[in-house]
Structures are given as structure tokens and as C-alpha cells.
Amino acid sequence: MKRPLPIYFIAAWSFLVLVNRSNGLIAILKSQLAEGQFHNDLWVYLRGFLAILFVWHAFRLAELKLFNRWLTVAACLWWTVTVAWNTVVLYQEFQTPLRGIAIVSAISVLNIACVWYLMRPSFRKFASQYVTEHEKEKHARDMQRISQKKILKEKI
């Protein structure tokens, strides 16, 4: 079974979504904490840790793992709702130009397309079968390696 090509694009988009959302969360955390309460290196370490976590997530999503699919769905929906809310507020306050609304619409369309693709029953069934088959292959390779080691030990 081969992975479908769109999952690689969705994994990359999911990485960008999580990076964008984490930047917002870090900004909120910084604003809530008193100046000097945390050393600046801690923020760098936090960003580095999150970057590693997001790369791990993208690779696991490309492997069609269940948790990572649902995390992507939640993050894309969260970003879509946030962007839509902010657009409404900004448009009412500042009469945002159409260019800004077009960018926000494009982001929302990509998010909704990712959610739709990951939530389709046919894709969920395929992903479940893919993961099961992949795990069986991995288990078979592991068992073959273990039995080869046992055979080599018996010869010595």
C-alpha cells in the first residue's frame, strides 16, 4: 500500500499551522508573564522543543497515525475559527482591504480542505488499513531479525 500524495502536502501544511499557532501562544505567554520572570534562553529552548515536536508530528502524520490526524484536524479548525473571528473584528474596526480578506479566505480554504480530506470515511478506512499493514510488516521484519540472531548464536 502506498501513501496518497496529498498527505505529504497536508503534513507540510499542518507543520505551518502548528508553527503559526505556537507563535501566537508564545506571544500570549510572554505578555502574561512579568518581564525578567523567565530568562530569554528559556523562550529559545521552548521554541526549539516545539520545532522538534512539530517535525515529529509532520512525520507521524505522513505515516497516517491516528493521533496525528486528529491533532491536525483540531489545529486546522482552531486556526480557521481564529482567523475568521479576527477577520470579522478587524473588518469592523479598520475596514480591512479586500487583499487581506482574500489571504484569510485562502488560508481558511486550505484548512477546511485538509480537515475534509482527513475526515472522509474512505480516507480514515484507508489510513487504518495502512497502519495495520505497516505494523504487520514491521513486526515480521523484527521477528525475522530476532530469529536470525538466534540462529547465529546457536552456530557459535
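Start at 1 with the first residue, then count along the sequence.
- No continuous path of hydrophobic side-chain contacts links Phe9 to Leu16 [ILVMFWY only; heavy atoms under 4.5 Å].
- Between Leu118 and Ile7, some side-chain heavy-atom pair lies under the 4.5 Å cut-off.
- Of all the heavy atoms in Ala51 and Phe15, the pair that sits closest is O-CE1, 4.3 Å.
- By the criterion of side-chain heavy atoms lying less than 4.5 angstrom apart, applied directly or through intervening Ile, Leu, Val, Met, Phe, Trp or Tyr residues, Leu77 is grouped together with Tyr117 in one hydrophobic cluster.
- The distance from atom CZ of Phe49 to atom CG of Leu46, rounded to the nearest 0.5 Å, is 8.5 Å.
- Transitive grouping of hydrophobic side chains (ILVMFWY, heavy atoms separated by less than 4.5 Å) keeps Val115 and Leu110 in distinct clusters.
- A search for side-chain contact (heavy atoms from CB on, under 4.5 Å) contacts involving Val81 returns nothing, not counting sequence neighbours.
- Of all heavy-atom pairs between Ala75 and Leu18, the closest is CB-CD2, 3.8 Å.
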Which pairs would a plain distance check flag for residues 62-73, meaning a side-chain donor or acceptor within less than 3.5 Å of a matching protein atom at least two apart in sequence or in another chain?
| unit_1 | atom_1 | unit_2 | atom_2 | d |
| --- | --- | --- | --- | --- |
| Lys65 | NZ | Glu135 | OE2 | 3.0 |
| Asn68 | ND2 | His57 | ND1 | 2.9 |
| Thr72 | OG1 | Ser14 | OG | 3.0 |
| Thr72 | OG1 | His57 | NE2 | 2.9 |
| Thr72 | OG1 | Asn68 | O | 2.9 |

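- Linking Ile, Leu, Val, Met, Phe, Trp and Tyr residues whenever their side-chain heavy atoms come within less than 4.5 Å places Val104 and Val19 in a single cluster.
- Under the 3.5 Å distance criterion, the side-chain polar atoms of Ser147 are matched with a main-chain donor or acceptor of Gln144.
- Between the CD1 atom in Ile107 and the OG1 atom in Thr82 there is a gap of 11.5 Å [rounded to 0.5 Å].
- Atom CZ of Phe123 sits about 10.5 Å away from atom OH of Tyr130, to the nearest 0.5 Å.
- For the pair Arg124 and Phe126, the cation-pi test (distance below 6.0 Å, angle within 45°) is failed.
- In the hydrophobic cluster analysis, where Ile, Leu, Val, Met, Phe, Trp and Tyr join through side-chain heavy atoms closer than 4.5 angstrom, Phe59 is grouped together with Phe54.
- One finds the CG atom of Leu50 at 6.5 Å from the CG atom of Leu53 (value rounded to the nearest 0.5 Å).
- The side-chain heavy atoms of Cys76 and Trp13, taken from C-beta on, include a pair separated by under 4.5 Å.
- Rounded to the nearest 0.5 Å, atoms CD1 (Ile112) and CE (Met119) are 11.0 Å apart.
- The structure places CG of Leu61 at 10.5 Å from CZ of Arg3, a figure rounded to the nearest 0.5 Å.
- The shortest non-hydrogen separation linking Ala11 to Ala58 is CB-O, 3.6 Å.
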Return all side-chain donor-acceptor pairs below 3.5 angstrom for residues 149-156, not counting sequence neighbours, or 'none' if the list is empty.
none

